[in-house]
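Computed from a predicted model, the values in this text were never measured in an experiment.
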Amino acid sequence: MRAADVMTTEVVTVDPDTSVQALAAVVDADNRVVGVVSEGDLLHRVETETARRPEARTGRRQLWWLDRIASDRELARDYVKSHGRTVRDVMTRNVVVVDDTTELADIAILLETKRIKRVPVVRDGRLVGIVSRANLVRALATAKSAQATIADPGDRAIGDQLLAELRGKKWVDISSADIIVRDRVVHLWFSDDQPREERLTFRVAAENITGVLRVEEHIVAAPAPQAAPGSRGGQP
């Protein structure tokens, strides 16, 4: 399986000039990824009185002259991260991305070695989706065995047709469910707080697509609400 087979295609994006309250992959006017804003980028903010204290940096080690230069750069970066008003100021710029044809095994290694939670997927340099650790786990759940198999070319067409059918329906948030099509079986992943009517719309739309053998729904617990953004730094 490849990135295009499991990625979330409805990616929420913002312009680099958007306020720091937005959390998303950041793209330019040509839909090319220029940065990512994660919870970690917003962990230390002046609005929440969590801005990093200078002594937290300088008190960690004895500084040689090179350490002093590095420390000053860290302090400057901390200040911009905590006081910057736009996404451009706080985003992580060196973004790790993969191509839509990248094998899932390679993506799994990348997420582990880079210690990141998700990676943007590009085609011809433009953003087309995101693959997260959850996407990989769900792909595993739909696999019939550990033996590698070639995905049915019709599976991708079914997924594209389902998204096309749902797109534009105001009562449905396409990004609220993960969709994986495997051997013409449509797997729909929902959070347990998602409205029944919305889940039903996904299922009915999938059942009406020619070639679909069956539709299976999977319910997972909704993420716990947080009082303030932020947990760990780096790319989300």
Side-chain angles (χ1 to χ4, degrees), residues 1-16 18 22-42 87-88 90-164 167 173-183 186-189 218 220 223 231-236:
M1 298 180 70
R2 300 179 178 180
D5 298 316
V6 303
M7 67 184 184
T8 300
T9 57
E10 299 299 320
V11 184
V12 179
T13 62
V14 296
D15 183 89
T18 303
L23 277 175
V26 184
V27 297
D28 63 12
D30 293 326
N31 207 40
R32 297 179 184 273
V33 180
V34 297
V36 165
V37 179
S38 71
E39 296 95 334
D41 291 318
L42 301 181
V87 170
R88 187 188 308 277
V90 302
M91 69 185 183
T92 299
R93 295 179 180 273
N94 297 325
V95 184
V96 178
V97 300
V98 297
D99 190 81
D100 64 335
T101 60
T102 303
E103 297 289 342
L104 295 193
D106 294 329
I107 295 178
I109 294 173
L110 183 65
L111 295 180
E112 182 179 23
T113 56
K114 296 294 185 180
R115 297 185 178 181
I116 55 179
K117 299 177 183 177
R118 55 186 61 84
V119 60
V121 182
V122 299
R123 182 186 302 133
D124 296 327
R126 290 178 169 80
L127 182 69
V128 293
I130 280 184
V131 173
S132 67
R133 296 187 177 195
N135 291 133
L136 296 184
V137 172
R138 291 165 188 175
L140 172 63
T142 63
K144 292 187 295 186
S145 69
Q147 182 178 2
T149 58
I150 300 177
D152 185 342
D155 290 348
R156 191 173 303 173
I158 289 173
D160 291 343
Q161 188 174 344
L162 178 55
L163 289 175
R167 191 173 290 113
D173 178 9
I174 299 179
S175 63
S176 63
D178 282 330
I179 301 171
I180 296 178
V181 184
R182 186 70 170 167
D183 297 327
V186 179
H187 296 266
L188 302 172
W189 297 80
H218 310 271
V220 297
S231 56
R232 284 189 288 267
Q235 184 169 329

Could you state the interatomic distance from [atom1] ([X]) to [atom2] ([Y]), rounded to the nearest 0.5 Å?
X: Trp189; Y: Ile180; atom1: CH2; atom2: CD1; value: 7.0 Å
X: Arg182; Y: His187; atom1: CZ; atom2: NE2; value: 9.0 Å
X: Ser132; Y: Ile116; atom1: OG; atom2: CD1; value: 11.0 Å
X: Ile179; Y: Met7; atom1: CD1; atom2: CE; value: 12.0 Å

For residues [X] and [Y], report the shortest heavy-atom separation together with the two atoms involved.
X: Val34; Y: Pro16; answer: CG2-CG, 4.1 Å
X: Ala139; Y: Val6; answer: CB-CG1, 3.6 Å
X: Val36; Y: Pro120; answer: CG2-CG, 4.3 Å
X: Val131; Y: Leu136; answer: CG1-CD2, 4.0 Å

Apply salt bridge (charged side-chain N to carboxylate O under 4.0 Å, His left out) to Arg123 and list each qualifying residue two or more places apart in sequence or on a separate chain.
->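 Per chain and number, Arg123 pairs via salt bridge (charged side-chain N to carboxylate O under 4.0 Å, His left out) with Asp100.
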Hey, mind stepping through Val97 and Val121 against side-chain contact (heavy atoms from CB on, under 4.5 Å) and telling me if it holds?
-> CA-CA 6 Å; Val97 300; Val121 182; over 6 Å; no
Show your reasoning for whether side-chain contact (heavy atoms from CB on, under 4.5 Å) applies to Leu163 and Arg167.
-> CA-CA 6 Å; Leu163 289 175; Arg167 191 173 290 113; 3.8 Å; yes
Salt-bridge contact Asp5-Arg156 (side-chain N to carboxylate O under 4.0 Å) |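 Between Arg156 and Asp5 there is a salt bridge, with a charged N closer than 4.0 Å to a carboxylate O.
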Do Val128 and Thr9 have side chains that get closer than 4.5 Å, going by heavy atoms?
->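 Contact flag for Val128/Thr9 side chains = no.
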Quick one: does Leu127's side chain get under 4.5 Å of Thr13's, heavy atoms only?
->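 They are in side-chain contact.
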Do the side chain of Asp155 and the main chain of Asp183 share a donor and acceptor less than 3.5 angstrom apart?
->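 Yes.
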Okay, side chain of Arg133, backbone of Leu111: is any donor-acceptor separation there less than 3.5 Å?
->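 Yes, the answer is positive, given that a donor and an acceptor are paired below the 3.5 Å cut-off.
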Report the C-alpha separation of Thr102 and Asp99 in whole Å, then their side-chain angles, then the decisive distance to 0.1 Å, and conclude whether the side chain to side chain donor-acceptor pair (under 3.5 Å) test is met.
-> CA-CA 5 Å; Thr102 303; Asp99 190 81; 5.2 Å; no
Residues Val98, Asp106; criterion side-chain contact (heavy atoms from CB on, under 4.5 Å); working and verdict = CA-CA 9 Å; Val98 297; Asp106 294 329; over 6 Å; no
